[in-house]
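This is a predicted model, so every value here is computed, not measured. Numbered from 1 within each chain, the chains take letters A, B, ... in sequence-line order.
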Amino acid sequence: MSKNTPKAIRGTQDIFGADAEAFAFVVETFERVRKLYRFRRVEMPVFEKTEVFSRAIGETTDVVSKEMYSFEDRGGDSLTLRPEFTAGIARAFLTNGWQQHAPLKVATHGPLFRYERPQKGRYRQFHQIDAEIIGAGEPQADVELLAMADQLLKELGIEGVTLHLNTLGDAASRDAWRAGLIDYFGKVRGELSEDSQERLDKNPLRILDSKDPRDRAFVADAPKIDAYLSNEALAFFESVTSGLDAAGVKWARAESLVRGLDYYRHTAFEFIPDEGSEAAGKLGSQSTILGGGRYDGLMESLGGAATPAVGWAAGIERLAMLVDDKGAEPPLDVIVAVENDQAMAFAISAMRKLRDAGLTVDAIASGSPKKRFDKASKVNARALIAIDMRDGAPSANVRSGDQAGLTSRIDALLAPLL
RNA sequence: GCGAUCGUAGCUCAGUUGGUUAGAGCGCCGGUUUGUGGUACCGGAGGUCGCGGGUUCGAACCCCGUCGAUCGCCCCA
């Protein structure tokens with residue numbers, strides 16, 4: 001590598017080969033499944049005014065306080081490369097009058113940016129698929145959204161992953177629970193880990209899923225959300241769980257599952273690989289492959305009317321790691337070995353003819369003519385066509401396992417050219 | 001932001017207690033063999049050993065810094 005060649009930016013990826021095929025498989029499957037549920041496709045800007053994210057996600061969250069790629073444009077506005085989809089979609093909903101379409105089911109996918117330390121399954125430019133239902137306050141919306149997520153994972157062929165489900169209650173329930181946790185952990189503040197002492201001020205809910213043994217000792221007896229749930233919040237959660245049962249979605253209650261972003265209310269969920277499963281091994285220390293929840297308060301934080309909504313996002317790279325057996329080389333019908341450059345024009349016509357007929361075709365037509373056949377024969381194709389000159393005219397010799405009469409089909413297509 | 005491990009050819013990797021001109025396999029290019037053939041052999045190109053300093057008569061090897069990768073912590077998809 002030349003020292004004069006610029007390097008890629010840290011945490012970005014150049015994806016090729018099996019990884020790229022797996023990536024495409026995830027996106028294609030998502031596009032197919034979202035149509036089954038009639039989620040409408042939306043395209044969004046990759047950057048927004050910084051306040052879209054800071055107001056929607058919450059100033060104290062890690063995402064906003066230290067992970068955003070923000071910059072000033074030439075007009076002096078502070079802009080930010082999107083760290084997630086939801087805030088931008090909410091902004092679009094409000095600024096484009098999409099209220100007229102409510103309840104609105106939308107889906108999108110693309111790159112997101114977060115300034116973090118890269119490691120397995122975590123990048124500075126990464127990619128997500130995303131689905132949202134906006135303007136629907138009923139628990140059926142949560143069920144619909146989760147049923148799609150569950151079907152997507154099944155159609156991707158991902159095994160050993162379980163839906164972990166919790167409720168954070170409505171705003172009043174969540175605030176009361178939060179106060180209860182601050183009170184409980186505050187009494188033992190000095191015995192908590194350094195991280196959790198900080199969480200106590202910034203995000204006390206997060207202490208619940210701390211891995212530090214000093215914290216674990218107190219977590220078991222910490223106040224539970226269930227004790228703070230209003231009757232309405234409890235009924236909402238029960239509707240979600242019974243709906244999931246009816247949809248055939250397996251789930252597990254996760255009482256300490258909280259989501260990092262301020263806007264979540266009621267349902268919160270993550271699909272996580274089962275302990276010790278093959279999937280867990282492939283993901284390293286990253287565990288969540290799909291996460292989301294209900295964000296009834298988000299629209300108001302952006303100055304809109306109260307609008308209930310629920311959504312999820314999943315990391316394409318993480319999903320792709322779990323479907324790598326789907327990332328094999330794309331199948332090839334025909335490989336052409338051009339063994340004589342004088343037959344090149346014929347070879348070009350022949351390939352166009354075959355491709356017009358819907359066959360996938362590639363060619364070996366460079367390097368030593370004598371070695372082209374050998375190279376072609378190493379390519380995993382259903383048929384091999386050796387093109388050479390015979391008695392001053394181009395000739396084509398077709399070989400295949402003759403699967404479904406492929407040889408005779410090719411011969412018939414090429415006959416008019418000979 | 002913190003910690004650990006690691007950077008040698010396009011790829012995967014050797015390289016002895018610091019010692020002449022840094023190697024192999026695969027891949028690539030060319031030739032011979034084969035001539036309806038997926039074989040075998042011969043040859044070639046390609047590396048300022050991540051980058052920058054230092055120690056030494058001498059550094060791929062030891063020391064410092066830096067960049068990057070990997071794996072954890074934090075957080076998240």
Could you work out which one of [options] sits closest to the side chain of [X]?
X        : options             : value
A:Tyr115 : B:G1, B:C75, B:U39  : B:G1
A:Pro118 : B:C74, B:U70, B:U32 : B:U70
A:Arg206 : B:C75, B:G35, B:G38 : B:C75
A:Arg10  : B:G68, B:G72, B:U39 : B:G68

[N] phosphate, OP1 or OP2: any side-chain N/O from [X] under 4.0 angstrom?
X        : N     : value
A:Arg318 : B:A77 : no
A:Ser377 : B:G37 : no
A:Gln119 : B:G72 : yes
A:Arg399 : B:G37 : yes
A:Thr288 : B:A77 : no
A:Ser368 : B:G31 : yes
A:Lys211 : B:C73 : yes

To the nearest Å, how far apart are [X] [atom1] and [N] [atom2]?
X        : N     : atom1 : atom2 : answer
A:Asp209 : B:C73 : CG    : C1'   : 14 Å
A:Arg117 : B:G3  : CZ    : C1'   : 9 Å
A:Asp195 : B:C74 : CG    : P     : 7 Å
A:Asn397 : B:G37 : CG    : P     : 10 Å
A:Arg124 : B:C67 : CZ    : C1'   : 12 Å
A:Met68  : B:G1  : CE    : C1'   : 17 Å
A:Asp212 : B:C73 : CG    : P     : 12 Å
A:Phe373 : B:U33 : CZ    : P     : 19 Å

Are [X] and [Y] close enough that a side-chain donor and a side-chain acceptor fall under 3.5 Å?
X        : Y        : result
A:Glu59  : A:Ser65  : no
A:Arg318 : A:His127 : no
A:Asp170 : A:Ser173 : yes
A:Asp333 : A:Thr360 : yes
A:Glu270 : A:Thr288 : yes
A:Ser196 : A:Arg199 : yes

Between [N] and [M], how many Å separate the two [atom1] atoms, rounded to a whole number?
N     : M     : atom1 : answer
B:U55 : B:G46 : P     : 34 Å
B:A24 : B:G15 : C1'   : 11 Å
B:G65 : B:G3  : P     : 11 Å
B:U21 : B:C29 : P     : 33 Å
B:A22 : B:A60 : C1'   : 8 Å
B:C28 : B:G10 : C1'   : 8 Å
B:C61 : B:U20 : P     : 14 Å
B:C26 : B:A40 : P     : 10 Å

Assess whether one donor atom and one acceptor atom, taken from the side chain of A:Arg122 and the base of B:C75, lie less than 3.5 Å apart.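 It does, because a donor-acceptor pair links the side chain of A:Arg122 to the base of B:C75 below 3.5 Å.
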
Any donor-acceptor pair, under 3.5 Å, between the side chain of A:Lys120 and the base of B:G72, if you only look at N and O atoms?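 Flag unset: no donor-acceptor pair detected.
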
What nucleic acid atoms does [X] come within less than 4.0 Å of, heavy atoms only: base, sugar-phosphate, or nothing?
X        : result
A:Gly292 : nothing
A:Ala376 : nothing
A:Glu84  : nothing
A:Phe271 : nothing
A:Arg199 : sugar-phosphate
A:Lys66  : nothing
A:Glu194 : nothing

Dot-bracket assigned to RNA chain B with the 3.5 Å Watson-Crick/G-U criterion, [ ] for crossing and | for other-strand pairs, is (((((((..((((.....[...)))).(((((.......))))).....(((((..]....))))))))))))....

Check whether any side-chain heavy atom of A:Phe269 sits under 4.5 Å from a side-chain heavy atom of A:Val240, and report yes or no. no

Using heavy atoms to find the nearest nucleotide of RNA chain B for A:Ile9 and A:Ser366 separately, return the residue whose nucleotide is more 5′. A:Ser366

Decide, yes or no, whether a salt bridge links A:Arg32 with A:Glu155 under the criterion of side-chain N to carboxylate O below 4.0 Å.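 Counted as a salt bridge, because a side-chain N and a carboxylate O are separated by less than 4.0 Å.
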
Regarding A:Arg41 and A:Glu31, does a basic nitrogen lie under 4.0 Å from an acidic carboxylate oxygen?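 The answer is yes: the pair qualifies as a salt bridge.
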
Just verifying a value: how many Å separate A:Leu229 CG and A:Lys224 NZ, rounded to the nearest 0.5 Å?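 The NZ atom of A:Lys224 is 13.0 Å from CG of A:Leu229, to the nearest 0.5 Å.
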
Tell me whether A:Phe126 is stacked on the nucleobase of B:A77, counting only the six-membered base ring and applying the 5.5 Å and 30° thresholds. yes

May I ask you to check if A:Arg82 and A:Phe47 form a cation-pi contact, with NZ or CZ under 6.0 angstrom from the six-membered ring centre and within 45° of the axis?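 No, A:Arg82 and A:Phe47 do not form such a contact.
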
